[in-house]
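Everything quoted here is computed from the prediction, not taken from an experiment. Lettering follows sequence order; numbering is per chain, from 1.
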Protein chains: 2
Amino acid sequence: MDDVGRQILALLTEDGRRSYDDIARRVSLSAPAVKRRIDRMRADGAIRGFSAIVDPEAFGWRTEALVELFYAPGTQLHEVAASLSRHPEIVEAWSVTGDADAIARVRTVDNADLERFIADLQLDGQVIRTRSQVIMSDLLRAAKA
Amino acid sequence: MDDVGRQILALLTEDGRRSYDDIARRVSLSAPAVKRRIDRMRADGAIRGFSAIVDPEAFGWRTEALVELFYAPGTQLHEVAASLSRHPEIVEAWSVTGDADAIARVRTVDNADLERFIADLQLDGQVIRTRSQVIMSDLLRAAKA
DNA sequence: ATTGAAATTGCGCGTTG
DNA sequence: CAACGCGCAATTTCAAT
């Protein structure tokens, strides 16, 4: 990964629909050269894909929260991953160091729905306790999420 | 926002570079009709933009963490937002309910760099204490292509 | 439906290891 | 020499009107 590659990644992060020609002019290459680099970066996994950044409200999700998860003793990571994947409310989830075992970022229609989700979560058996931090506002968004 | 609109959003989330023609076939509309809808959703803010999903390692970021922020008494939200925006390590930051005032999701090259970032953060004056949870692995990721 | 822009592919060239 | 990445140009697909 050289500097031109990183420049292309930055441009595509800013606008994933930029044309090859536009990128080519900005990095001083030809359009086909840019296309081939992007193809290569996709194959290498440097680019995971392209996505529209959608306002959650368009889907009726008005509540967002970070939910810390505490597992039952002896719980395996892949069990949790499997169980979490059955909850469409979860946008992302990470295994973390510190007090909690994991943190999930979730979207629900409202606070009552968040409460319902947390109750559901504990029915699976792996998660025995949670602690939630409801998002009041976005302070910063780098557009790469 | 009707059901076809949400279907289009889902398709564009899955692959932000899908052609109008491809989308049109999947939702049983004509390509121009799809374009008009997408233009409208962009204008409405339902679609915030398009972005490449990049592997952080391509930029040399090998450490990711969630950092809880505790403000100095009397700190204004816009001051924090301004100060946070000067730190490129921050991917996203939210104002939250609960113990901490805010949570930032950050990317650094390694743990030492994370330590350096946290020290830098406190130099700004608004943040007087932090508590970090380092991400060990991704358990779940919803958006991709 | 038409017209113009963008993406895609074949090919030969120069550089590099 | 072999592998790689580039630009050019021709073709096809796509976007905009």
Side-chain angles (χ1 to χ4, degrees), chain A residues 1-61 91 141-145, chain B residues 1-62 88 91 107-110 141-145:
Chain A
M1 173 63 56
D2 65 357
D3 195 60
V4 173
R6 276 184 292 271
Q7 229 178 309
I8 293 173
L9 291 182
L11 289 166
L12 284 176
T13 299
E14 196 178 275
D15 178 0
R17 299 200 115 188
R18 232 183 256 285
S19 74
Y20 296 136
D21 218 34
D22 181 67
I23 296 168
R25 276 191 300 271
R26 292 169 195 267
V27 302
S28 306
L29 283 178
S30 70
V34 169
K35 182 208 185 303
R36 282 164 184 143
R37 271 171 176 269
I38 291 174
D39 287 347
R40 233 178 298 138
M41 291 191 284
R42 291 197 73 156
D44 292 351
I47 297 176
R48 297 211 183 111
F50 295 89
S51 181
I53 310 301
V54 174
D55 182 349
E57 278 214 29
F59 284 106
W61 298 319
V91 180
R141 158 162 278 118
K144 47 187 75 163
Chain B
M1 172 65 54
D2 64 357
D3 194 60
V4 173
R6 278 185 290 271
Q7 226 178 312
I8 292 173
L9 290 183
L11 288 166
L12 284 176
T13 299
E14 196 180 275
D15 179 0
R17 298 203 119 189
R18 238 184 249 287
S19 73
Y20 296 136
D21 220 34
D22 181 64
I23 295 169
R25 271 182 265 112
R26 292 168 196 267
V27 301
S28 305
L29 285 178
S30 70
V34 170
K35 180 202 184 319
R36 279 191 291 271
R37 273 173 177 268
I38 291 176
D39 287 348
R40 185 149 27 93
M41 289 191 286
R42 291 197 74 155
D44 292 352
I47 296 175
R48 296 210 183 111
F50 295 89
S51 181
I53 311 300
V54 174
D55 182 348
E57 278 213 30
F59 284 106
W61 298 319
R62 312 183 76 223
V91 180
R107 284 178 182 153
T108 56
V109 315
D110 56 21
R141 179 182 10 254
K144 69 129 248 156

If you measure from the Lys or Arg side-chain nitrogens to the Asp or Glu carboxylate oxygens, is any gap between R40(B) and D44(B) under 4.0 Å? no

Charged N to carboxylate O under 4.0 angstrom, D110(B) versus R62(B)? no

Measure the distance from CD1 on I23(A) to C1' on dT8(C) and round it to the nearest whole Å. 15 Å

Check the distance between dC14(D)'s P and R17(B)'s CZ and give it to me in whole angstrom. 14 Å

Whole-Å distance between dT17(D) C1' and D39(B) CG? 12 Å

Name the nucleic acid region contacted by R40(A), choosing base, sugar-phosphate or nothing; use a 4.0 angstrom heavy-atom cut-off, strictly under. sugar-phosphate

Can you measure L29(B) atom CG to dA15(D) atom C1' for me and round it to whole angstrom units? 17 Å

Map R36(A) and Y20(A) onto DNA chain C by nearest heavy atom, then report which one ends up closer to the 5' terminus. Y20(A)

Heavy-atom neighbours of R17(A) CZ exceed 12 at 6.0 Å: yes

Applying a 4.0 Å non-hydrogen cut-off, can you work out what S19(A) is touching in the nucleic acid: base, sugar-phosphate, or nothing? sugar-phosphate

Nucleotide dT16(C), atom C1' - distance to CG of D2(A) in whole Å: 15 Å

Phosphate contact (dA7(C) OP1 or OP2) by K35(A) side-chain N/O below 4.0 Å: no

Roughly, in whole Å, what's the span from CZ in R18(B) to P in dT13(D)? 19 Å

One thing to verify: whether R6(B) and D2(B) come together as a salt bridge, which I'm taking to mean a side-chain N less than 4.0 angstrom from a carboxylate O. no

Mapping P32(B) and A31(A) onto DNA chain C by nearest heavy atom, which one lands closer to the 5' end? P32(B)

Send over the distance from M1(A) CE to dG5(D) P, rounded to a whole Å. 12 Å

Proximity to the side chain of D21(A) - top-ranked nucleotide from dC6(D), dA6(C), dA16(D): dA6(C)

